[in-house]
Amino acid sequence: MPLFKKRLIKLSKRSVPDGLWTKCPECKEMFYKKELDDGLKVCSKCGYHFLINSKERIELITDSATFEEHNADLYSGDPLQFKDSKTYPERQKASFLKTGLLDAVVTGVAQINGVKTALAVMDFGFMGGSMGAVVGEKITRMIEHATEKKLPLIIVSSSGGARMQESTLSLMQMAKTCAALERYQKQNHLFISILTHPTTGGTTASFAMLGDIIIAEPGAMIGFAGARVIKQTIAQDLPKDFQSAEFLLEHGFLDLIVSRLDLKKKLSLLLHLFEKK
Amino acid sequence: MTILEFEKPIVELEQKIEELKKVSLKGNVDVSEELETLKEKALQLKKEIYGALTPWQKVQIARHPDRPYTLDYIKMMMEDFTELHGDRYFADDQALIGGVARFMGEPVMVIGHQKGLDTKENLKRNFGCANPEGYRKALRLMKLAERFEMPLFCFIDTPGAYPGLGAEERGQAEAIAVNLREMMGIKTRIVVVVIGEGGSGGALGIGVGDQIFMLENSYYSVISPEGCSAILWKDPKKTQDAANALRLTAEDLKKNNLIDDIIAEPLGGGHKNMELMAITLRDNLAESLEQLGKLSIDKLLKERYNKFRKMGVFFEGGITPYGVEKPKEEPNSEDKKKVNNPLPVS
């Protein structure tokens with residue numbers, strides 16, 4: 001039986017050529033992959049925002065060839081020798097092979113319509129964008145760099161929260177990043193936090209919610225606790241748009257919802273408005 | 001008195017001792033020698049069992065319903081306690097309480113999670129799971145303490161911040177995040193003690209300070225063993241494995257340089273001798289305040305920053321644990337050199 005099952009899966013996989021066509025999970029429209037890429041991975045029919053990786057995000061919001069990466073060589077060890085069904089290094093390796101990244105954030109400095117900006121972009125592809133010591137350290141260094149160089153700061157979040165494999169070591173990254181923001185924001189530089197699908201847990205409950213301006217992508221899921229846990233705890237159904245960007249805007253926790261197609265334009269406008277003389 | 005599974009052999013032996021005492025009271029036989037042996041044996045057994053607790057057993061002690069809570073410690077260690085209520089925006093959260101009191105003669109502000117003593121009270125106290133208004137009240141009291149230069153004590157004892165609909169609507173994440181940022185700049189001495197459960201962000205939301213202690217049988221974790229086993233093992237019964245893997249005991253946190261010290265508990269846990277527990281805690285807090293009092297506010301805040309700045313383990317350059325070689329970046333500009341400097345910007 002198991003053998004048969006395996007073959008079936010293989011066959012069905014082969015029957016749909018991988019990577020040519022993509023179906024919009026929202027309106028079920030089929031897209032030619034190239035067409036979707038050209039449209040910044042936004043569904044041209046319903047506006048659904050597909051996940052994009054850190055590289056695509058940086059290309060999307062910065063001026064061409066201005067991004068200079070910082071601290072690219074940081075990586076995590078396995079400080080707690082964490083093992084569930086797989087070891088932590090095994091999971092890191094799988095994520096590295098998938099993304100080419102050493103951890104779940106890329107940081108650096110770039111121009112956005114000519115404004116030099118410190119940038120941190122999380123990558124959901126690496127262990128669900130979870131925050132361990134490397135993510136915490138790289139973001140903290142970027143905030144410190146922005147403080148020292150008096151630069152505006154943009155952090156793009158896309159994260160399942162703190163990384164369980166580093167337990168309390170990852171929990172404390174919440175305090176570490178917020179500590180750096182305390183110093184940064186005292187000096188009156190602008191911090192724009194961009195929340196993309198999904199932003200949850202310890203990431204939401206630290207730097208992501210501290211933006212002077214908080215922007216989300218349409219339909220992004222943003223929250224603290226998981227919807228399933230909440231539903232179990234309160235034993236009642238949740239509103240349909242619960243923890244969506246629209247829900248957060250309505251409850252006063254976002255400044256703006258901005259489509260990916262307009263994101264760079266809006267960022268550049270804000271950066272210029274808040275530019276210090 | 002709730003008895004935990006692994007305590008049963010001790011309880012059985014203690015029952016035997018009680019029975020024997022009854023026999024001796026009747027006066028027919030002299031059992032004093034036998035009684036002494038049994039008592040000695042019981043003490044030995046306690047030392048054996050409580051001296052080698054597994055992480056999961058410690059979690060159970062940390063959650064023990066007889067364990068002293070924030071209000072118990074306040075009552076035993078302080079005078080003139082006046083609870084202050086409400087966040088001034090929405091409600092008064094009874095899962096996270098606070099107020100002013102006199103500690104060793106000195107006015108202090110004290111904040112802590114509070115669980116209920118029975119089911120009825122627990123419904124009111126939400127089992128120690130705070131809502132956003134709890135964290136906002138805590139921040140209000142911290143700022144008040146700052147203005148009056150009162151030292152601040154934070155007692156952590158929560159399974160986690162409350163996962164509820166209202167909590168999300170009112171910004172649980174925002175409330176915790178703001179506390180993390182603001183506590184870093186509060187210009188007064190802050191001493192944090194994990195007295196029971198240190199449940200993730202809900203614990204850390206009042207957990208930034210100058211000295212951080214954990215009671216011997218408390219735990220501090222990014223996720224509960226139950227939650228972790230359900231997610232990573234896909235089996236809610238693997239709580240023991242998860243508790244081991246999460247390195248959540250006081251000893252683990254000390255080893256990973258995340259806390260300053262461990263405060264010893266009476267044999268078997270704080271609830272076995274509450275008074276002794278309170279005296280030990282009081283002495284530690286007093287000593288901590290005295291040490292921190294020697295620092296200027298400037299120095300205090302710098303050290304608070306550096307304490308959290310150093311947390312976490314990572315590498316730069318070399319070979320990753322899964323065999324990818326990443327040579328250390330050569331700082332190619334003045335810019336880069338400063339970025340790679342591990343010292344915080346002051």
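Everything quoted here is computed from the prediction, not taken from an experiment. The figures here come from the full heavy-atom set of this structure, side chains too, leaving out hydrogens, waters and symmetry mates.
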Just how far is it from atom [atom1] of [X] to atom [atom2] of [Y], taken to the nearest 0.5 Å?
X	Y	atom1	atom2	value
B:Asn257	A:Met172	CG	CE	12.0 Å
B:Glu174	A:Ile214	CD	CD1	7.5 Å
A:Met164	B:Ser221	CE	OG	10.0 Å
A:Gln173	B:Phe308	CD	CZ	11.0 Å

Which bit of [X] is near chain B, if near means a heavy-atom gap under 4.5 Å: side chain, backbone, both or neither?
X	answer
A:Leu102	both
A:Glu250	neither
A:Phe242	side chain
A:Gln232	neither

(message) Donor-acceptor check, side chain of A:Glu90 to backbone of B:Tyr322, threshold 3.5 angstrom: yes or no?
(response)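 Not confirmed, A:Glu90 side chain does not pair with B:Tyr322 backbone.
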
(request) Please check if the side chain of A:Tyr75 supplies one atom and the backbone of B:Ile319 the other of a donor-acceptor pair under 3.5 Å. (result)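 Checking the backbone N and O of B:Ile319 against the side chain of A:Tyr75, a donor-acceptor pair under 3.5 Å is found.
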
Closest approach of [X] to [Y] (non-hydrogen atoms, all atoms of both residues):
X	Y	answer
A:Ala175	B:Met184	O-CE, 4.4 Å
B:Pro321	A:Gly77	CG-CA, 3.9 Å
B:Val222	A:Ser170	CG2-OG, 3.9 Å
A:Ser76	B:Phe315	C-CD1, 4.2 Å
A:Met174	B:Ile176	CE-CG2, 4.5 Å

Note, [X] side chain near [Y] side chain (heavy atom, < 4.5 Å):
X	Y	value
A:Phe207	B:Arg181	no
A:Ser167	B:Tyr220	no
A:Pro239	B:Leu165	yes
B:Glu316	A:Asn71	yes
A:Phe82	B:Leu232	yes
A:Glu182	B:Leu180	no
B:Glu168	A:Leu238	no
A:Ile234	B:Tyr162	yes

(message) Under a 4.5 Å cutoff for heavy-atom pairs, which residue among B:Ala167, B:Ser200, B:Gly323, B:Ala175 has the most contacts with chain A?
(response)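 Of the candidates given, the most pairs with chain A belong to B:Ser200.
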
(request) Report the option among B:Thr320, B:Ile223, B:Val208 that has the most heavy-atom pairs separated by less than 4.5 Å from atoms of chain A. (result)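 Option with the greatest count: B:Thr320.
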
With a 4.5 angstrom heavy-atom cut-off, which part of [X] approaches chain A: side chain, backbone, both or neither?
X	result
B:Arg170	backbone
B:Ile259	neither
B:Leu258	side chain

Heavy-atom pair count under 4.5 Å with chain B, highest-scoring of [options]:
options	value
A:Gln92, A:Gln81, A:Gln185	A:Gln92
A:Thr177, A:Thr140, A:Thr87	A:Thr140
A:Gly201, A:Gly252, A:Ala227, A:Ala225	A:Ala225
A:Leu210, A:Thr204, A:Thr233	A:Leu210

(request) Please say whether more than 12 non-hydrogen atoms of neighbouring residues, nucleotides or ligands are located less than 6.0 Å from NZ in B:Lys238. (result)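 No.
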
(request) Start with the C-alpha gap between A:Glu137 and B:Lys310, add the side-chain angles, then the distance that decides, and say whether salt bridge (Lys or Arg N to Asp or Glu O under 4.0 Å) holds. (result) CA-CA 9 Å; A:Glu137 179 70 18; B:Lys310 281 187 286 198; over 6 Å; no

(request) Please list, in residue-number order, every residue in residues 239-252 of chain B that has a heavy atom less than 4.5 Å from any heavy atom of chain A; write 'none' if there are none. (result)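 The residues closer than 4.5 Å to chain A, in numerical order, are B:Ala245, B:Leu246, B:Arg247.
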
